[in-house]
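Side chains included, hydrogens not; waters and symmetry mates left out as well; all remaining heavy atoms used. Note that ligands are numbered from 1 as they come in the structure, with each ligand's atoms numbered from 1 the same way.
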Amino acid sequence: MTVLPSIAQRAAVIRALVHEPALTAASLVAPLFVMDGDGPPVEIASMPGVRRLNLADTLRECEGLAALGIRAVALFPVIASTHKDDAGSYARREDGLFPRILRAMKTALPQLTLIADVALDPYTTHGHDGLLDARGGVDNDATVARLADLAVLLAQAGAGVVAPSDMMDGRVRALRSALDAAGCEGTAILSYAAKFASAFYGPFREAVGSAQAAYLDKRTYQLDPANAREAVRDALLDVEEGADALMVKPAGAYLDILARLRERTTLPLAAYQVSGEYAQLHAAARAGWLDLARARDESLTAIRRAGADFILTYFAHSAATALRERAAV
Ligand code: PBG
């Protein structure tokens with residue numbers, strides 16, 4: 001018996017008709033690492049093509065991204081170690097690096113959506129996302145209060161979206177009420193709703209300069225990679241607390257979580273293809289073991305297919321460039 005090809009396999013024209021929604025530049029968000037001063041870009045060894053940029057270079061990069069159809073960037077400040085302390089005090093400063101970046105970007109690029117990461121790890125010497133208590137554990141409630149202050153500071157400086165990446169309990173509700181009380185009702189909350197204690201964050205910690213914390217253990221507040229039901233339950237709590245969109249992180253190894261959440265919420269869903277996912281594709285491509293562009297597009301397509309409306313990815317620039325080139329032929 002001959003097996004006929006399915007409609008999708010038959011011919012290119014039909015394939016195009018039945019192609020399910022996949023990648024568009026508008027569904028990609030570029031994470032950017034912004035540093036103080038006016039120095040040249042700083043390469044990040046474990047993330048080829050990703051660099052820490054000063055403010056002027058960040059603005060130029062964003063213009064390029066916008067021209068490719070990218071509408072949002074996720075910003076991470078690189079805080080000088082001289083500004084770090086145990087309590088992350090620098091996070092309170094209105095003249096701190098992050099508020100200054102946001103004010104300048106909002107003025108220069110008013111159309112671009114600025115997603116500001118809200119967590120204390122860039123500011124603390126120990127690299128944890130929160131304040132530590134006397135026993136060295138993270139003090140949930142004290143941290144939440146600080147995160148709410150930080151979110152208001154960043155919203156007032158120009159962030160259209162604040163993204164708590166800390167995983168403390170109750171922080172979405174605290175952020176929402178602090179933002180509303182400060183007159184920032186229009187600021188959206190993109191919650192890192194299902195964030196796993198993952199080995200795939202290693203290169204990021206080099207990028208933000210908490211390299212000593214590359215193997216930091218965050219298992220008391222990030223999710224156990226084995227726990228799918230807990231992840232869904234936790235994420236749905238963020239919906240009740242007032243999140244405007246939910247994020248799953250990392251993406252590639254957690255597509256099942258995305259798919260489950262897609263069935264359980266009507267909110268927009270995001271996924272973060274994290275530093276280690278980016279690094280492993282690059283490393284294999286450098287060894288000549290896979291085709292980087294195809295692996296990149298396949299990985300991003302899979303994340304969309306699993307249910308993500310938008311994807312934070314270090315491939316944003318190159319994937320959007322490829323989409324543009326393909327559209328032109
Ligand atoms: C922490 C934070 C992390 C990432 C984004 N925000 C790392 C962590 O939890 O230690 C990782 C992103 C990446 O790996 O690309 N607030």
Side-chain angles (χ1 to χ4, degrees), residues 28-34 44-52 73-79 84 88 90-91 98 115-132 138 140 143-144 146-147 150-151 154 159 161-168 171-172 175 189-225 231 234 247-254 270-283 296 299-300 303 308 311-317:
L28 303 175
V29 175
L32 298 174
F33 301 107
V34 192
I44 300 158
S46 51
M47 300 172 73
V50 177
R51 299 172 313 167
R52 298 179 185 174
V73 293
L75 297 165
F76 297 94
V78 181
I79 306 296
K84 297 189 186 190
Y90 188 73
F98 208 176
I115 304 177
D117 194 68
V118 177
L120 294 182
D121 59 308
Y123 312 96
T124 54
T125 36
H126 43 71
H128 277 291
D129 292 26
L131 305 173
L132 301 184
V138 170
N140 189 88
T143 300
V144 166
R146 293 289 308 284
L147 295 173
L150 178 58
L154 302 178
V161 180
V162 288
S165 66
D166 55 286
M167 286 301 275
M168 300 301 137
R171 90 275 205 219
V172 172
L175 259 62
I189 299 177
L190 165 60
S191 167
Y192 284 67
K195 178 172 177 180
F196 291 85
S198 173
F200 289 96
Y201 306 146
F204 171 92
R205 294 178 187 167
E206 179 195 342
V208 293
S210 51
Q212 78 280 11
Y215 303 105
L216 200 63
D217 190 346
K218 299 192 175 182
R219 273 178 293 188
T220 59
Y221 47 102
Q222 298 181 349
L223 291 162
D224 179 343
D234 231 49
M247 182 142 69
V248 173
K249 174 186 177 186
Y254 298 91
Y272 198 147
Q273 184 182 51
V274 300
S275 55
E277 301 178 75
Y278 179 83
Q280 64 180 346
L281 293 188
H282 268 281
R296 172 197 68 206
S299 68
L300 293 171
I303 296 165
I311 308 171
L312 278 70
T313 173
Y314 303 99
F315 286 119
H317 197 142

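- Using a 4.0 Å heavy-atom cutoff, Y314 is listed among the residues neighbouring ligand 1.
- Inspection of the E277 and S299 side chains reveals no N or O donor paired with an N or O acceptor under 3.5 Å.
- Partner Y254 forms a ring-ring contact (aromatic ring centres under 6.0 Å, His included) with one of F200, F196, Y272 and no other, that one being F196.
- Using the six-membered ring where Trp is involved, F315 and Y278 have ring planes that are tilted, between 30° and 60° apart.
- Those atoms of ligand 1 with a heavy atom of Y272 less than 4.0 angstrom away are 12 (C), 15 (O).
- Distances from atom 11 (C) of ligand 1 to the heavy atoms of K249, Q273, E277 show the closest one on K249.
- Regarding atom 12 (C) of ligand 1, its nearest protein heavy-atom neighbour is F204 CD1, 3.3 Å.
- Of the protein's non-hydrogen atoms, the one nearest atom 2 (C) of ligand 1 is K195 NZ, 3.3 Å.
- Atom CD in Q222 sits 7.0 Å away from atom NZ in K249 (nearest 0.5 Å).
- The closest donor-acceptor contact from the side chain of R146 to the backbone of A91 lies at 3.5 Å or more, if one exists at all.
- The single protein non-hydrogen atom nearest to atom 14 (O) of ligand 1 is S275 OG, 2.7 Å, given as residue, atom name and distance.
- Near A119, with a cut-off below 4.0 Å to any heavy atom, the atoms of ligand 1 are 16 (N).
- Protein heavy atom at the shortest distance from atom 1 (C) of ligand 1 is D121 OD2, 3.1 Å.
- Results of the side-chain contact (heavy atoms from CB on, under 4.5 Å) test with Y221 over V138, N140, D166 single out V138 as the only residue that passes.
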